[in-house]
Amino acid sequence: YLSIAKALDCALLRTMINSPDSRPTLSDARRQLESVLPAFEQQGVAICLETYEQVSTDDNVALVKAIDSPLVGICLDPANCVASLEQPGDVVEKTAPYVLNWHVKDFAFSRRDGWVGFTLAGAKLGEGLLRYDEIYQRIEPQTRGINQIIEHWLPWQGDGESTCRLEAAWTEHNMKYLLDKQSSSPLSTNTRESHHVC
């Protein structure tokens with residue numbers, strides 16, 4: 001992936017501690033990261049550990065602090081941690097000093113059919129539970145050079161064409177939302193778009 005980053009002139013690689021066939025301890029994860037870190041430092045590529053439900057935010061932050069490199073930080077995605085009953089606001093507060101990348105993804109709960117349980121799915125920016133302005137003020141992407149990547153948890157619409165059409169509409173809406181927010185800020189920020197290509 002570092003070779004791919006070089007070919008694409010990327011300065012940041014998002015990853016996670018666990019994979020489908022590996023669940024290292026924090027000590028093992030630290031050794032693995034430290035073994036590749038010199039190559040990443042030489043190329044100037046940051047490693048970002050994404051917040052998600054399989055690894056607690058406390059463990060992710062502890063790992064970043066233990067490695068203590070400006071090129072190892074957090075990819076903030078507070079919605080992911082809801083599945084492990086972590087509050088998004090708590091995730092933001094714990095990770096704020098270490099965030100290098102922000103997955104901007106709005107989300108909302110809805111009742112399932114028969115009113116038994118809930119579905120947590122994506123929403124257009126500004127229409128769900130993501131407290132964008134509060135997070136923006138807390139992590140200060142404009143002064144810290146934290147890029148914002150749009151991510152969708154787009155519910156399947158029954159067929160590919162309908163899903164892609166809705167995804168395009170969400171992407172247009174979300175880009176406009178971010179650009180409007182940035183234009184009202186005294187300082188500009190690095191805003192990028194990321195979505196599935198259909």
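Side-chain contact between Phe109 and Val82 is present, with at least one heavy-atom pair separated by less than 4.5 Å. Using a 4.5 Å heavy-atom cutoff, the side chains of Pro78 and Ile135 are in contact. A heavy-atom distance below 4.5 Å is found between the side chains of Ile139 and Trp102. Looking at Cys81 and Thr57, their side chains come closer than 4.5 Å, going by heavy atoms from C-beta outward. For the pair Thr119/Pro155, no side-chain contact is recorded, criterion being any heavy-atom separation below 4.5 Å from C-beta on. The closest side-chain heavy-atom distance from Ile74 to Leu100 is not below 4.5 Å. Taking 4.5 Å as the limit, some side-chain heavy atom of Leu49 sits within range of a side-chain heavy atom of Leu33.
To the nearest 0.5 Å, atoms CG (Leu26) and CZ (Arg31) are separated by 11.0 Å. One distance of note links CD1 of Ile17 with OG of Ser22; it measures 10.5 Å at 0.5 Å rounding. From Asn174, atom CG reaches atom NZ of Lys124 across 8.5 Å, with rounding to the nearest 0.5 Å. Rounded to the nearest 0.5 angstrom, Asp106 CG and Glu151 CD are separated by 12.0 Å. Considering CG of Asn101 and CG of Asn147, their distance stands at 4.5 Å, rounded to 0.5 Å. Note that CD of Glu34 is 11.0 Å distant from CD of Gln32, once rounded to the nearest 0.5 Å.
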Chi angles and distances behind the side-chain contact (heavy atoms from CB on, under 4.5 Å) call for Leu178, Ile150: CA-CA 9 Å; Leu178 287 187; Ile150 288 174; 3.7 Å; yes
Verdict with reasoning, Glu161 to Arg165, per salt bridge (Lys or Arg N to Asp or Glu O under 4.0 Å): CA-CA 6 Å; Glu161 184 178 342; Arg165 188 168 42 250; 3.4 Å; yes
Steps toward side-chain contact (heavy atoms from CB on, under 4.5 Å) verdict (Glu127, His173): CA-CA 11 Å; Glu127 297 183 8; His173 167 89; 4.2 Å; yes
Worked verdict on Gln182 versus Tyr136 for side chain to side chain donor-acceptor pair (under 3.5 Å): CA-CA 10 Å; Gln182 271 45 258; Tyr136 189 90; 3.2 Å; yes
Trace of the side-chain contact (heavy atoms from CB on, under 4.5 Å) decision for Arg14 with Cys75: CA-CA 7 Å; Arg14 190 272 303 169; Cys75 167; 3.6 Å; yes
Full working for side-chain contact (heavy atoms from CB on, under 4.5 Å) between His152 and Lys105: CA-CA 6 Å; His152 300 317; Lys105 173 178 68 193; over 6 Å; no
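Met16 is connected to Val36 through a chain of hydrophobic side-chain contacts under 4.5 Å among Ile, Leu, Val, Met, Phe, Trp and Tyr, so both are in one cluster. Tracing side-chain contacts under 4.5 Å through hydrophobic residues (I, L, V, M, F, W, Y), one reaches Val92 starting from Leu125; they form part of the same cluster. Both Val91 and Val104 are part of a single hydrophobic cluster, where members link through side-chain heavy atoms under 4.5 Å apart. Cluster annotation: Leu71 and Tyr1 are assigned to distinct hydrophobic clusters (Ile/Leu/Val/Met/Phe/Trp/Tyr, side-chain heavy-atom contacts under 4.5 Å, transitive). Note on Val116: it does not cluster hydrophobically with Leu120, by side-chain heavy-atom contacts below 4.5 Å among ILVMFWY residues.
Around atom CH2 of Trp156, more than 12 heavy atoms belonging to other residues, nucleotides or ligands sit under 6.0 Å away. The environment of CZ in Arg111 is crowded: more than 12 heavy-atom neighbours from other residues, nucleotides or ligands sit within 6.0 Å. In this structure, Arg131 places its CZ atom where only 12 or fewer heavy-atom neighbours from other residues, nucleotides or ligands lie under 6.0 Å away.
Defined by atom type and a distance below 3.5 Å, a donor-acceptor pair is present between the side-chain atoms of Ser162 and Asp159. Side-chain polar atoms of Glu86 and Tyr52 form no donor-acceptor pair below 3.5 angstrom. Residues Arg23 and Gln54 bring a donor and an acceptor atom of their side chains to less than 3.5 Å of each other. Using a 3.5 Å distance cut-off with no hydrogens or angles, the side chains of Tyr132 and Gln137 do not pair a donor with an acceptor. Checking Thr25 against Asp28 by side-chain atom types alone, a donor-acceptor pair falls below 3.5 Å.
Scanning both residues, Cys10 and Val45, for their nearest heavy atoms gives O-CG2, 3.5 Å. Looking at every heavy atom in both residues, Pro24 comes nearest to Ala29 through CB-N, 4.0 Å. For the residue pair Pro88 and Phe107, the shortest heavy atom distance occurs at CG-CZ, 3.9 Å. In plain terms, the two heavy atoms of Glu41 and Ser69 that are nearest each other are OE2-OG, 3.4 Å.
Checking side-chain atoms of Arg144 against main-chain N and O of Val99 turns up a donor-acceptor pair under 3.5 Å. No donor-acceptor pair under 3.5 Å is formed between the side chain of Gln148 and the backbone N or O of His103.
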Atom pairs and distances, side-chain donor-acceptor, residues 58-68, under 3.5 Å, sequence neighbours left out:
from	atom 1	to	atom 2	distance (Å)
Asp58	OD1	Lys94	NZ	3.1
Asp59	OD2	Ser56	OG	3.4
Asn60	ND2	Glu50	O	3.1

